[in-house]
A.B. asks: 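Submitted below is the structure of interest, expressed as structure tokens.
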Amino acid sequence: MTDIQQRIRALRDELNRHNHNYYVLNAPEISDRDFDMMMKELERLEAEHPEYADPLSPTRRVGSDLTKGFEQHVHVYPMLSLGNTYSVEEVDAWVERTEKALAGSREATIVGEMKFDGTSISLTYEHGRLIRAVTRGDGERGDVVTDNIKTIRSIPLVLRGEGWPDLFEIRGEVLLPWKEFERLNAERAFNEEPLFANPRNAASGTLKLQNPAEVARRGLDAYFYYLLGENLPCATHLDNMMEARRWGFKVSDAMRRLHSMAEVDEYISYWDTARKELPVATDGLVFKVDSLKEQLNLGFTAKSPRWAIAYKFQAERALTPLRFVSFDVGRMGIITPVANLEPVLLSGTIVKRASLHNEDIMTGLDIHQGDWLYVEKGGEIIPKITGVDTSRREPGAEPVRFVDRCPACGTPLVRQEGEAAWACPNKYGCPPQITGRIEHFAGRRMMNIDGLGEEIVEALWKAGLIRNIADLYTLTAADLERLDRFGQKSAQNLIDGIEASKQVPFTRVLFALSIPNVGETTAKKIARTVGSVDRLMAMSAEELTAIEDVGPMIANNIIEYFATKSNRAIVERLRSYGVQLEMEEDTSARTDTLAGKTFVISGVFTLHSRDQYKQMIEQNGGKNSGSISKKTDYVLAGENMGPAKLEKARSLGIPIINEQEFLAMLGM
């Protein structure tokens with residue numbers, strides 16, 4: 001083994017250990033900076049020495065921009081659902097049935113554990129390495145989401161310690177922690193995107209994203225609760241999970257043995273309250289027979305195991321009086337009715353406001369002035385109005401009516417056919433819309449101007465210092481120091497941040513402009529296709545709809561945006577201030593090594609992403625094609641290449657090459 005190879009292996013081992021300490025044990029040993037420096041060294045060495053590539057390297061956890069569909073995989077052990085109950089009495093009845101089925105000679109040993117509110121996952125490990133991650137699907141087969149699972153830092157890619165079976169499966173729940181859920185919803189609210197109703201929906205949706213890089217950004221976590229396979233280390237469920245913890249898996253501290261029905265009842269009583277302090281969402285408890293032999297004897301019904309049962313917590317609900325309904329204006333002009341409530345404690349937090357979403361929902365609830373409203377959270381962390389206690393309604397109380405004019409600027413509202421929302425059409429004269437677009441422009445995923453949040457934007461607006469996004473680039477430190485919120489240092493920091501934003505790439509600038517329905521992903525595809533804002537402004541609807549993910553509505557929104565004189569004036573001002581309005585020129589070296597050759601790429605790759613291989617082919621004079629034909633010269637095949645493509649390539653006699661053979665063609 002070479003010195004370089006030894007260093008790479010040592011860095012991988014050390015980074016895996018620190019990942020485990022940080023994400024599983026919550027006990028970091030080194031600073032973030034030291035961790036980042038080690039990661040950068042490993043990234044550099046791997047780039048310089050691709051011959052030592054490993055798809056399970058810690059550097060692969062950030063995900064790539066590879067986009068592909070999900071293949072399906074049949075579960076070796078079906079992923080059945082559990083029988084549910086909502087009462088302690090039914091749990092006790094299950095314990096009694098279980099003991100009778102086990103000959104009634106003694107009290108069964110039960111394991112109590114949390115029922116995490118996420119999305120189920122099954123991981124397969126071979127020789128201590130992760131080889132496959134599959135969703136529950138229909139219980140018989142699920143989607144393979146291995147690339148996305150690799151981005152979850154609490155999941156071991158290579159196991160720690162020793163003693164694991166050569167081949168085994170472990171089941172668990174992928175979750176979005178509360179703090180990450182709140183961060184994502186804050187971003188979505190700011191961008192006027194639909195909010196996730198609960199962490200479960202967010203986790204499930206995230207796991208099925210096509211872009212592992214975005215999955216990595218979401219901050220998923222995972223807890224594991226069941227081990228399957230031949231030659232398991234222990235004869236009991238709990239002992240197996242304790243072994244799994246030693247191998248690097250995150251296993252809940254709440255998992256414990258219960259030796260009597262009384263202990264089961266105490267466990268339920270304790271966690272009914274204590275669960276509210278957990279960093280992740282739970283919706284109940286699970287009780288399992290501890291002995292694997294007894295589990296086998298008890299067997300299964302058609303839908304669920306007889307040796308386990310789920311107890312579901314009741315959703316929390318409160319009744320509180322309505323103070324008034326306000327109407328908020330978003331940056332796209334959408335009017336949202338909001339119930340302002342007498343403060344009430346619900347699921348550990350004080351609830352004062354709850355969105356009524358739109359006129360149809362508000363009308364459907366039939367809310368009157370001064371009504372007492374039912375507010376619920378349960379699995380929904382976002383407060384939700386679920387009903388009205390009409391018995392408390394005051395005689396003669398007037399129904400709450402939706403506004404017909406913008407509460408901010410007085411413009412008559414409009415409602416597009418087929419849309420539920422009313423909007424203010426005064427896009428360029430309505431203050432909340434203007435300040436909302438400025439806040440969006442400055443956001444982290446847009447221009448990343450740190451310190452330019454809602455309160456600062458409002459202060460700058462009220463002082464008359466800004467009226468649109470271009471005005472940000474005319475601000476001076478002296479302007480800011482005149483405001484109460486700024487000292488000399490904070491003023492200069494904001495000016496420096498605005499100056500640094502001039503280096504933000506065009507893909508993010510386009511997203512920052514707040515063109516209706518042009519989100520982050522769509523903006524990237526448009527920017528990479530058109531190359532510059534000048535080209536974009538000149539394109540017809542037909543040309544725009546030829547871009548991936550751009551339909552007629554988005555195309556019309558783009559045309560309308562740039563047809564507005566004030567928007568074009570802002571774009572020209574941004575250009576004059578040095579903001580990036582075109583893609584950087586591709587300065588990478590080009591060759592004719594593959595000139596005249598047509599490639600079809602199929603499968604999943606480990607050394608480079610599919611997009612990177614396409615780029616290599618084009619940079620070296622070759623052509624990419626999406627389908628195999630007689631004109632195809634080579635098929636570049638990764639893992640899990642589609643059988644139809646494989647058969648067609650063989651029938652036509654087209655050479656099928658792997659990653660190493662392709663890179664060798666380029667002398668890499």
Side-chain angles (χ1 to χ4, degrees), residues 183-184 186-193 211 213-214 217 330-334 427-428 430-454 456-458 460-461 465-475 494-537 539 544 547 549-550 554-555 557-564 566-584:
R183 175 181 64 81
L184 284 178
E187 288 181 3
R188 294 175 77 85
F190 181 70
N191 294 323
E192 293 192 19
E193 298 170 345
N211 184 353
E214 175 62 17
R217 194 188 73 80
R331 71 181 169 95
M332 294 302 184
I334 302 299
K427 297 178 182 178
Y428 307 111
C430 182
Q433 295 188 59
I434 299 170
T435 56
R437 289 194 293 270
I438 295 171
E439 290 172 47
H440 172 80
F441 184 81
R444 184 177 63 82
R445 288 154 55 202
M446 287 65 76
M447 304 302 285
N448 195 26
I449 304 175
D450 191 30
L452 196 57
E454 179 180 0
I456 299 300
V457 170
E458 288 290 340
L460 294 172
W461 174 270
L465 293 173
I466 56 173
R467 285 294 178 265
N468 57 55
I469 56 177
D471 289 340
L472 293 172
Y473 296 93
T474 66
L475 292 172
L494 180 53
I495 296 301
D496 291 344
I498 293 170
E499 181 65 25
S501 74
K502 295 177 183 179
Q503 304 307 313
V504 167
F506 177 48
T507 53
R508 284 166 53 189
V509 175
L510 185 57
F511 177 38
L513 292 179
S514 287
I515 301 173
N517 300 112
V518 177
E520 185 174 15
T521 301
T522 303
K524 286 180 180 178
K525 290 180 179 179
I526 293 172
R528 289 168 180 168
T529 302
V530 305
S532 72
V533 74
D534 293 320
R535 171 70 181 127
L536 182 61
M537 290 192 293
M539 292 177 80
L544 287 167
I547 301 171
D549 288 351
V550 176
I554 294 178
N557 288 342
I558 293 170
I559 291 171
E560 181 183 332
Y561 182 90
F562 289 115
T564 303
S566 60
N567 287 335
R568 280 186 173 258
I570 287 171
V571 168
E572 292 309 317
R573 287 181 64 196
L574 293 176
R575 190 199 308 275
S576 71
Y577 299 138
V579 174
Q580 303 298 310
L581 294 176
E582 60 183 35
M583 297 293 290
E584 289 186 6

A.B. asks: Any idea which heavy atoms bring Leu574 and Ile469 closest together, and the distance?
C.D. replies: CD1-CD1, 4.1 Å
A.B. asks: If I take atom CG from residue Leu510 and atom CE from residue Met583, how far apart are they, to the nearest 0.5 angstrom?
C.D. replies: 10.5 Å
A.B. asks: Could you check if a side-chain atom of Met537 sits within less than 4.5 angstrom of a side-chain atom of Arg568, using non-hydrogen atoms only?
C.D. replies: yes
A.B. asks: Provide the closest heavy-atom pair for Gln433 versus Met332 in the form atom of the first, atom of the second, distance.
C.D. replies: OE1-C, 3.7 Å
A.B. asks: Please tell me if the side chains of Leu544 and Leu536 come closer than 4.5 Å, counting only heavy atoms from C-beta onward.
C.D. replies: yes
A.B. asks: Quick one: does Val533's side chain get under 4.5 Å of Phe562's, heavy atoms only?
C.D. replies: yes
A.B. asks: With a sphere of 6.0 Å drawn around CG of Asp450, does it hold more than 12 non-hydrogen atoms of other residues, nucleotides or ligands?
C.D. replies: no
A.B. asks: Classify the side-chain pair Tyr473/Ser501 by whether it contains a donor and acceptor separated by less than 3.5 Å.
C.D. replies: yes
A.B. asks: One pair to check against side chain to side chain donor-acceptor pair (under 3.5 Å): Asn567 and Tyr428. What are the steps and the verdict?
C.D. replies: CA-CA 9 Å; Asn567 287 335; Tyr428 307 111; 2.7 Å; yes
A.B. asks: Please assess Trp461 against Ile434 for the test side chain to side chain contact (heavy atoms under 4.5 Å, CB included), listing each intermediate value before the final yes or no.
C.D. replies: CA-CA 9 Å; Trp461 174 270; Ile434 299 170; 3.5 Å; yes
A.B. asks: Under the side chain to side chain contact (heavy atoms under 4.5 Å, CB included) criterion, do Tyr561 and Leu513 qualify, and how do the steps go?
C.D. replies: CA-CA 10 Å; Tyr561 182 90; Leu513 292 179; 3.6 Å; yes
A.B. asks: Would you indicate whether the side-chain heavy atoms of Thr474 and Ile466 approach each other to under 4.5 Å?
C.D. replies: no
A.B. asks: Evaluate whether atom CD of Glu572 has more than 12 neighbouring non-hydrogen atoms of other residues, nucleotides or ligands under 6.0 angstrom away.
C.D. replies: yes
A.B. asks: Tell me whether Arg575 contacts the main-chain N or O of Leu581 through its side chain, where contact means a donor paired with an acceptor under 3.5 Å.
C.D. replies: no
A.B. asks: Nearest 0.5 Å, what's the NZ-OG1 distance between Lys525 and Thr507?
C.D. replies: 13.5 Å
A.B. asks: If I take atom CZ from residue Arg217 and atom CG from residue Leu184, how far apart are they, to the nearest 0.5 angstrom?
C.D. replies: 6.0 Å
A.B. asks: Starting at CD1 of Ile515, measure out to CD1 of Ile554 and round the result to the nearest 0.5 Å.
C.D. replies: 10.5 Å
A.B. asks: Are any of the side-chain heavy atoms of Leu472 and Phe441 separated by less than 4.5 Å?
C.D. replies: yes
A.B. asks: Rounded to the nearest 0.5 Å, what's the gap from CD1 on Ile449 to CG on Asp496? Could you check?
C.D. replies: 12.0 Å
A.B. asks: If you take all heavy atoms of Met539 and Ile547, which pair is closest and at what distance?
C.D. replies: CE-CD1, 4.1 Å
A.B. asks: Nearest heavy-atom pair of Ser532 and Glu582: which atoms, and what distance?
C.D. replies: CB-CB, 3.6 Å
A.B. asks: Would a distance-only check, ignoring hydrogens and angles, find a side-chain to backbone donor-acceptor pair under 3.5 Å from Arg508 to Met446?
C.D. replies: yes
A.B. asks: Can Glu187 and Arg444 be said to form a salt bridge (charged side-chain N to carboxylate O under 4.0 Å, His left out), step by step?
C.D. replies: CA-CA 9 Å; Glu187 288 181 3; Arg444 184 177 63 82; 3.0 Å; yes
A.B. asks: Quick one, Met447 and His440 - any side-chain contact, counting heavy atoms below 4.5 Å?
C.D. replies: no
A.B. asks: Enter the distance from Arg467:CZ to Ile438:CD1 here, rounded to the nearest 0.5 Å.
C.D. replies: 8.5 Å
A.B. asks: Nearest heavy-atom pair of Leu452 and Ala442: which atoms, and what distance?
C.D. replies: CD2-CB, 3.6 Å
A.B. asks: Taking Asp471 first and then Arg573, would you say they form a salt bridge - that is, a charged N and a carboxylate O separated by under 4.0 Å?
C.D. replies: yes
A.B. asks: So do Lys502 and Gln580 actually touch side chain to side chain, heavy atoms under 4.5 Å?
C.D. replies: no
A.B. asks: With a 4.5 Å cut-off on side-chain heavy atoms, are Thr435 and Leu460 touching?
C.D. replies: no
